[in-house]
Amino acid sequence: MDALLPLISFAFVSSITPGPNNIMLTSSGIWFGFQRSVPHMLGITFGFGVLLALCAFGMGAVVIALPQLVLLLKAAGSAYLLYLAWQLRAMRVAGTAAGTGEAAGGGRPMSFWAAAVFQFANPKAWVMAVTGASAFMPMLHNHPVWLAILIYCLVFCGINLPCVSVWAGAGAMLRRYLERPLWRSVFAVTMILLTVYSALAIWL
C-alpha cells in the first residue's frame, strides 16, 4: 500500500513533536507517575481517533469553513491550558513532592474521558486530523470508504499512542531527579511557562 509509509511517517512526526498533549503528559508523569497517567494517554488516543474519523468523513472541512466555530475551539483550548497552568502553579506553591500531586488542592491525573474530550479543543489535534485526512484519504481511494477510514484511523492511532507514552515516560523518569525542592520548583516553573505558551500559541 503506497500510502502506508507516508502515513506512518506523518503520524510519527506529528505525534512525537511537542504540543499541549505531550506537555500535559510530561507533567502528569512527573506528578503522578507513568502508571497513573495511562488513562490520560489512552483518552488522548481514543479522542483523537474519533476526531480523525470525523475529519475523514468531512467534518474537518466544515469546521474550518466556520470561523465562529474555529474561534470557539481556540478559546476553549486556551482556557483549558491556562487552567492547567494554574493547577501546576498550585502544586508548586504547595511544595508538593513529585508523585504526590493529590496534596496540592486535590490534584489528580486527567481522566480518560477528560483527555478524550480535550482533543476537540486541541488545535494541534485538529490540524493533524484535517491535514492527515486531506493528504491521505485520497491515497486510499481504492478501498471502500469505511475500510479506508478504518485503516487511516488504526494506523494513526497505533503510532500516536506509543509516541504520547514517551512523554509520560520521560516525565516519570525525571521524578527521581526532582526530589530537591529547588529542582522541583525550576521544573514546575518551566512547565507552567510552556503550558501558558501553548495557550497563547493557539492564536499565533
Side-chain angles (χ1 to χ4, degrees), residues 1-26 28 37-81 84 109-169 198-199 201-204:
M1 186 184 300
D2 295 338
L4 190 58
L5 185 57
L7 175 57
I8 290 174
S9 299
F10 175 77
F12 174 77
V13 172
S14 57
S15 297
I16 200 69
T17 49
N21 284 327
N22 293 334
I23 291 173
M24 289 158 57
L25 280 173
T26 303
S28 185
S37 300
V38 168
H40 187 169
M41 292 181 276
L42 294 176
I44 286 173
T45 300
F46 175 80
F48 184 56
V50 174
L51 184 60
L52 286 172
L54 291 174
C55 287
F57 274 114
M59 177 183 167
V62 174
V63 171
I64 297 301
L66 297 173
Q68 297 88 346
L69 188 52
V70 173
L71 182 64
L72 178 63
L73 290 170
K74 285 184 175 182
S78 293
Y80 192 78
L81 287 168
L84 290 176
M110 180 177 279
S111 69
F112 175 91
W113 290 112
V117 171
F118 175 69
Q119 302 319 301
F120 291 85
N122 180 358
K124 184 185 177 184
W126 276 101
V127 170
M128 291 165 61
V130 172
T131 303
S134 61
F136 297 104
M137 286 304 297
M139 299 174 70
L140 298 169
H141 68 277
N142 291 328
H143 301 282
V145 174
W146 68 268
L147 181 57
I149 293 175
L150 181 63
I151 292 171
Y152 169 67
C153 292
L154 287 178
V155 171
F156 214 131
C157 290
I159 300 297
N160 178 261
L161 181 57
C163 286
V164 298
S165 300
V166 166
W167 288 81
S198 296
I202 290 175
W203 302 93
L204 300 180

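Using a distance-only test at 3.5 Å, with no hydrogens or angles considered, no donor-acceptor pair links the side chain of W167 to the main chain of T17. Side chain of S134 to main chain of V130: a donor-acceptor pair is present (N/O by atom type, distance under 3.5 Å, no hydrogens or angles). Of the possible polar contacts, none joining the S37 side chain to the H40 backbone as a donor-acceptor pair under 3.5 Å is found.
For an aromatic pair to be called close, the ring centres must be under 6.0 Å apart, and F136 with Y152 fails this.
Put simply, the side chain of N21 does not reach to within 4.5 Å of the side chain of M41, judged on heavy atoms. A heavy-atom distance below 4.5 Å is found between the side chains of I44 and L25. Residues C157 and L161 fail the side-chain proximity criterion, which asks for heavy atoms closer than 4.5 Å.
Within the model, atoms CE of M110 and CZ of F118 stand 6.5 Å from one another, a figure rounded to the nearest 0.5 Å. Taken from OG in S9 to CD1 in I159, the straight-line distance is 9.0 Å, to the nearest 0.5 Å. The CH2 atom of W146 lies 8.5 Å from the CD1 atom of I151; values are rounded to the nearest 0.5 Å. Distance CD1/I149 to CG/L54: 9.5 Å, rounded to 0.5 Å. The NZ atom of K124 lies 9.0 Å from the CZ atom of F48; values are rounded to the nearest 0.5 Å. Atom CD1 in I16 sits 9.0 Å away from atom OG in S165 (nearest 0.5 Å).
The shortest heavy-atom contact between P162 and G158 is CD-O, 3.1 Å. Minimum heavy-atom separation, C55 to W126: SG-CZ3, 3.9 Å. Annotation for C153 and L52: closest pair SG-CB, 3.9 Å, computed over non-hydrogen atoms.
Heavy-atom neighbours of F120 CZ from other residues, nucleotides or ligands within 6.0 Å: above the threshold of 12.
Aromatic ring orientation, F10 versus F156: perpendicular (interplanar angle above 60°, classes split at 30° and 60°).
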